[in-house]
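Below, chain A is the first sequence line, B the second, and so on; all start at residue 1.
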Amino acid sequence: MTQVNLLQLSKAYSSADTYAVHNLTLEIASGQITALLGPSGCGKTTTLKMIAGLLRPTQGDITFDGQSVLGIPAERRGAVMVFQNYLLFPYMSVGENVGFGLKMRGVDQQTIRRKVAEILDLVKLSGFEDRRPKQLSGGQQQRVALARALIVEPKVLLLDEPLSNLDAHLRDEMRELILNIQRQLRITTIFVTHDQEEAVVLADKIALMFDGELQQFDRPNAFYKRPISVRAARFFGGVNFVDGVKRGERVETPLGIFHVNRQEIPDGPVVITIRPENLKLGEEGENAIQGRIRSHVYLGTHARFKVEAGQWHLEVVAEASSVEQFHDGEILSLKFPRENIWLVPTEK
Amino acid sequence: MTLEQAATRDLAIPPSQIAETGWGWGQVARWLVVVGIIVGVLLPFIPLAVWSFSHRWYFPALIPTQWSMRAWHYVFSPGSQVPKALGYSTVIALVVTLLSILIGIPAGRAMGLHRFRGKTLVEFLILAPTIVPTIAVAMGIHVAFIKYGLADTLLGVILVHLIPVTPYMVMIMSSVFANYDPEYEEQARTLGANPVRTFIYVTFPAILPGIVVGGLFSFIISWSQYVLTLLIGGGRVITLPLLLFSFAGSGDNPITAALSIVFVAPAVIFLIVTSRYLTGENAAIGGFGKI
Amino acid sequence: MIALWRERLRIPLMLSPALAVILVLFMSGLVLGMMQSVGYLPIIGRYEVTLDAYRKIFSREDFYRSLSLTVWIGFASTVLSTILAIICAMTLRQTFRGKRWVTFIFQLNIPIPHIVGAIGILFLFSQSGFLARLAYVAHIINEPSDFPALIYDRYAIGIILEYLWKTTCFTGVIVLAVLQSIGEDYEDLARTLGASRWQSFRYVVLPLIMPGILSSSILVFAFTFGAFEIPYLLGQRYPSALPVLAFRNYTDVDLNARPDAMAMSVFIAVVITVLIFIYMKITRTYLRE
C-alpha cells in the first residue's frame with residue numbers, strides 16, 4: 001500500500017531542449033491500478049522507468065508515501081518492473097527465475113524454494129519450477145515474469161504493455177489474473193499501454209499522455225463521456241466532431257443551432273462531439289439535422305452508418321436490424337440527444 | 001533524434017538516448033577505460049612513424065637526434081628490393097582476391113540460401129582452415145608442391161594463399177545471401193530478364209557491398225601472409241612481409257618502420273571503406289574480424 | 001530427367017570451387033603432414049610406417065619446454081585479453097560523448113597485420129625502446145640493461161603483449177555485438193528486482209554473453225597456440241614456441257629432423273582440433289539448457 005506522487009516530472013533528451021516527459025504531475029492512489037496511456041513515443045515508458053529508478057529525471061520529484069525516492073537506486077526502491085517481452089533469463093529454470101530477486105537479497109535457499117512454490121501457486125503455475133523458459137507458452141512466460149516481480153513484495157508494481165503480446169483469449173485470462181492478484185495483494189500498480197481498450201479493462205484510473213505531457217487523468221468512463229480535447233476523444237474512438245460557436249447553452253454551427261446542457265467551457269469557438277452509439281438515426285425533435293447515408297457496414301450485433309451532413313462525415317452505430325430500415329443514399333434526420341453532447345475546445 | 005524515430009521502438013526512447021547527469025565512480029572508470037583504449041591501440045603506431053623519419057636515435061634520446069628521409073628514399077628507390085616485393089605482394093593479393101570472389105559467390109549462395117544434406121559437415125570443413133594453424137598445412141603440402149613444380153613459384157604461393165582466404169570469403173558471402181531474397185531474381189525473370197542480365201542487374205548490385213568487404217578482407221589476409229609464402233615461395237617469391245621480417249631481424253629500425261607503414265596501407269584503406277559499418281552502433285561486421 | 005539432375009547437382013556445383021580449395025589444398029596438406037610424420041611418403045618412394053618421430057619428440061626436452069611455453073602464451077593471452085575485452089565492451093556500450101570515435105579506434109587494429117603490431121611492440125618495449133628511454137629520463141633506470149627484458153624474454157611478455165593488443169579488440173568487438181543484441185532491458189529488470197550493479201553483471205550480463213566469450217576465447221587460444229610469426233619475431237631462441245620449433249626442425253639442414261617437425265605440427269593441429277571438439281561439446285550442453 002504505497003501512494004506514488006509524480007511532481008512536475010520532466011525528462012530531457014540528450015540532444016536538444018526537447019522533452020521526453022514534460023511537467024508531469026500525477027497523484028497515484030495507493031492500492032489502485034493506474035494506466036499510463038498514449039501513442040508510441042509519448043513518454044509513458046520513460047515515466048515508468050523513472051518511477052523504477054532506471055532513469056533519472058531532469059526535473060521534478062517522485063515520492064512514495066510522501067518520501068522522495070530520487071536518491072534511492074533502482075535495486076532498493078521497491079518498484080519492480082515487468083517488461084513487455086517478459087525477459088525471462090534463458091539460462092535459468094523457472095524456479096531460478098522467480099527466485100532471482102530473493103537470491104539478490106541474500107535470502108537462504110530453503111526460504112527461496114518455499115516462497116517460489118507459493119508465488120507460482122498464486123499465478124497458477126504450481127510445479128513448474130524445473131521447466132526452462134523456452135518450454136513455456138507466451139502466457140505462461142508472462143505469468144512467470146509476474147511471479148518473479150511479486151516475490152520481492154514490491155511497493156509498486158510496474159507493468160510495460162502487460163497484455164499486448166498475448167492473443168485474444170489469453171488476454172482475458174491474464175486480465176483476470178492481474179486483477180485477482182492485485183485485489184488480493186493491493187499493490188499499487190502502474191502500467192503502460194498504447195491500447196485504450198487494455199487501459200479501460202484493467203485500470204482504476206487512466207493518465208492519457210501526448211508528446212510527453214499529461215492530457216487527462218480520470219476514471220475510464222470519463223474518456224468516453226467527457227474527453228478533454230478532440231485528440232483525447234479521437235484516441236478513445238471518437239469520430240464525430242462538428243465545429244461551432246458556443247453562446248451559453250446554444251452552439252451555432254453550419255448544420256444549425258444545437259441546444260446543450262450547461263458546460264464549463266467558456267463561450268466562443270468549440271467543437272461538438274458525440275459518440276457514434278449516441279446519435280439517433282431517423283429520429284426527429286430537438287437537435288435533429290438532415291443527413292444523407294453514404295455507406296454502411298453490417299457487423300452482426302450492430303451496424304455502422306456513414307452519414308454526410310454539410311461538410312461533415314458523421315458515424316452512427318445503430319442496432320443490427322436498422323440495415324433493413326435505412327438505405328444508402330437516403331436522406332433522413334439525425335438526432336443529437338442534448339444530454340450526450342460534449343463540448344471540447346477547437347484544435348489549434 | 002526525432003520523435004518519429006523514437007516511435008519506431010515501442011519503448012518511448014531507448015534509455016541510451018536520454019541524458020544522464022552527474023559524475024560518479026562509474027564515469028571515472030569509464031574515462032579510465034576510454035583513455036586505456038585510445039593509448040593502448042594507438043601507442044604501437046607512434047614509434048613506427050617516428051623511426052621511419054629518424055637517422056640517429058640512440059638511447060636514451062626521447063626523440064631522434066638526427067632526422068632523415070633515408071628510409072623513405074630507400075623504400076621507394078627502384079634499386080631496392082622494396083618495389084619488387086610490393087609488386088609481388090600486390091599481384092598475389094589481387095589474384096587471390098579475385099579467385100576468392102569467384103569461389104565465394106557460389107559457395108556463399110549455397111550456404112546462405114539453401115538447406116541440404118551434409119551442410120553442417122561442409123560448414124565445418126570450410127571453417128576448419130581458420131582454426132588449424134597454417135604452418136601445419138604448409139609443411140604438409142610442401143612436398144606435393146615440390147613434386148608438381150609448384151614450390152618456389154608465384155602460382156604455388158597464390159594457390160596456397162587461397163587456404164586462409166576461402167573460409168572468410170565464404171562466411172561473408174553466406175551471411176550476405178542469408179539476408180538476400182532470391183525472389184527479386186524471380187521477379188526479374190518474369191519481367192523478361194535472362195539469367196545473365198538477372199545476375200548483372202539484380203543479384204550483383206544486391207551483393208556488391210558484401211563482395212567489397214569480403215574482397216578487402218581477402219586482400220588483407222593474403223597481403224599479411226608470412227609463413228605460407230616463406231615455405232612455399234622458398235625464398236624465390238619475396239613479398240613485403242618477408243622483406244619486413246628480414247629488416248626487423250637486421251636491426252635497421254628506420255627502414256623496418258617505413259616498410260611497416262607501407263605494409264599497413266591496405267588495412268587503412270579497408271578501414272576507410274568499412275568505417276561506415278565499423279563506427280556505427282552495428283559492430284556485427286567486425287565480428288568477421290580475423291584474429 | 002536432365003532437369004532433375006541439374007537440380008540435384010546445382011548445390012554440389014556451387015560448392016565445388018570452395019570445397020576444392022579445402023580438400024585439395026587444406027585437407028591434403030594435413031594428410032600429407034600426417035603421412036610424413038609417420039614416415040610414409042610414396043611421392044618420394046618411402047613406404048614404411050613408423051612412429052619413431054613421435055617417440056623422438058616426446059622424449060625431447062626442448063619439445064616439452066616449447067610446449068609449456070606455448071601453453072603459457074596461449075593461456076595468458078586468452079585469459080587477459082578476454083577480461084580486457086569484457087571491460088572494454090561494457091564501457092563502449094554505454095552512451096558518452098565521443099563514443100563513436102573511441103569505438104572506431106577500438107576496432108582500428110583488427111585489419112592491421114600482426115607483424116606490424118609486433119614491430120610496434122618491439123620499438124616500445126625492448127631494452128632500448130621507447131619505454132626504457134622514458135624510464136631513463138625519469139631516473140628509474142641508468143642503462144638499457146636495467147630495464148626488464150620484455151622482448152626475447154623467458155616469460156614471452158612481448159609476445160603476449162602483441163597478442164593482447166590484437167585479440168582484445170577481436171574479442172571485444174564480438175562481445176560488444178552480443179551486448180548490443182541483448183540490449184539493456186535484462187539489466188534494468190534485474191536492477192528493479194533488487195540486483196546491485198555488480199550482481200546484475202555477475203548473474204545476468206555475464207551468463208548472457210558467455211557463449212560469445214567462450215567461442216571467441218577458444219578462437220584466440222587456437223590462434224595463439226598455433227601461430228608462428230610473432231614468437232618467431234619477439235621470442236627468445238630457446239625455448240621457442242612450438243610452431244617455431246617445428247619450423248626450425250623443418251628447415252634444418254639435417255633432413256632427419258623433418259619427420260620431427262611434421263610430428264610436432266600434427267601434434268599442434270590435433271591439440272587444437274581436440275580443443276574445438278571439447279568447446280563444441282560445452283556450448284552444445286550450454287545451449288541446450
Side-chain angles (χ1 to χ4, degrees), chain B residues 15-16 30 33-34 37-38 41 43-45 47-48 51 59-60 62 103 106-107 109-110 114 116 122 125-126 129 131-133 135-137 139-141 143-144 147 159-160 162-163 166 170 220 224 226-227 241 244 248 256 260 263-264 267 270-271 275 278-279 281 283-284 286-287 289 291, chain C residues 11 14-15 17-18 21-22 25-26 29-30 32-33 43 87-88 91 94-95 100 102-113 115-117 119-121 123-124 128 130 133 136-137 144 167 170 173-174 176-177 184 219-220 222-223 226 228-229 233 243 247 250 261 265 268-269 272 276:
Chain B
S16 56
R30 175 206 293 163
V33 176
V34 164
I37 288 172
I38 294 170
V41 171
L43 197 60
F45 293 112
L48 292 181
W51 265 112
F59 189 88
L62 278 180
I103 292 167
R109 187 177 177 113
H114 298 280
F116 50 89
V122 172
L125 282 175
I126 285 175
I131 297 153
V132 177
I135 188 168
V137 182
M139 279 165 45
I141 206 164
V143 66
K147 165 104 178 167
L159 282 177
V160 83
L162 285 176
I163 298 173
T166 300
V170 175
I220 285 174
S224 314
Y226 173 72
V227 73
L244 186 54
T256 308
S260 300
F263 192 46
V264 295
F270 173 83
L271 277 168
S275 61
L278 286 173
T279 43
E281 292 289 292
I291 302 177
Chain C
I11 287 171
M14 285 160 83
L15 289 169
V21 170
I22 303 296
L25 294 169
F26 172 75
L30 280 184
L32 283 171
I43 296 183
I87 294 171
C88 293
T91 304
Q94 297 168 18
T95 308
R100 277 175 66 91
V102 181
T103 310
F104 180 76
I105 288 173
F106 188 61
Q107 304 179 7
L108 193 77
N109 63 10
I110 283 178
I112 304 289
I115 308 171
V116 174
I119 291 167
I121 298 283
F123 287 171
L124 279 177
S128 60
F130 192 70
R133 291 163 195 239
Y136 179 87
V137 171
T167 57
F170 170 81
V173 167
I174 291 176
L176 191 59
E184 292 173 358
L219 285 177
V220 169
F223 173 77
F228 166 80
E229 283 98 328
L233 201 60
F247 179 79
Y250 187 75
S265 82
I268 294 169
I272 287 170
I276 298 294

Heavy-atom closest contact ([X] atom, [Y] atom, distance):
| X | Y | value |
| --- | --- | --- |
| C:I11 | B:A110 | CG2-CB, 4.3 Å |
| C:A222 | B:I131 | CB-CG2, 3.9 Å |
| B:R30 | C:T91 | CG-CG2, 3.5 Å |
| C:C88 | B:V33 | CA-CG1, 4.1 Å |
| B:H114 | B:R109 | CD2-O, 3.7 Å |
| C:V173 | C:Q107 | CG2-CG, 3.5 Å |

Counting only non-hydrogen atoms closer than 4.5 Å, does [X] touch chain C with its backbone (N, CA, C, O), its side chain (CB onward), both, or neither?
| X | result |
| --- | --- |
| B:V137 | both |
| B:V227 | both |
| B:F116 | side chain |
| B:I220 | side chain |
| B:S260 | both |

Structural part of [X] lying under 4.5 Å from a heavy atom of chain B:
| X | result |
| --- | --- |
| C:L25 | both |
| C:F106 | both |
| C:E229 | both |
| C:I22 | side chain |

Heavy-atom pairs under 4.5 Å with chain B: which of [options] has the most?
| options | value |
| --- | --- |
| C:G120, C:G29, C:P17 | C:G29 |
| C:F26, C:Y136, C:F228, C:F130 | C:F26 |
| C:I119, C:V137, C:I268, C:I121 | C:I119 |
| C:A261, C:A269, C:A18, C:G33 | C:A18 |
| C:L30, C:I272, C:I115 | C:I115 |

For chain C, which candidate among [options] shows the most heavy-atom pairs at distances under 4.5 Å?
| options | answer |
| --- | --- |
| B:A267, B:A136, B:P129, B:S224 | B:P129 |
| B:V122, B:L43, B:L159 | B:L43 |
| B:F45, B:Y226, B:F59 | B:F59 |
| B:A248, B:P60, B:P133, B:A107 | B:P60 |

- Going through the distances and angles, do B:L48 and B:V264 end up as a side chain to side chain contact (heavy atoms under 4.5 Å, CB included)? CA-CA 11 Å; B:L48 292 181; B:V264 295; 5.9 Å; no
The reported gap from CG in C:L108 to OG1 in C:T103 (rounded to nearest 0.5 angstrom) is 12.0 Å
Check your understanding: How long is the span from the CD1 atom in B:I141 to the NZ atom in B:K147, to the nearest 0.5 Å?
Key ->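 Reported value, rounded in 0.5 Å steps: 14.5 Å.
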**Asked** Does the side chain to side chain contact (heavy atoms under 4.5 Å, CB included) test come out yes or no for B:T256 and B:W51, once each step is laid out?
**Response** CA-CA 8 Å; B:T256 308; B:W51 265 112; over 6 Å; no
Note to self: Within the 4.5 Å heavy-atom criterion, are C:L219 and C:F170 side-chain neighbours or not?
What the structure shows: yes
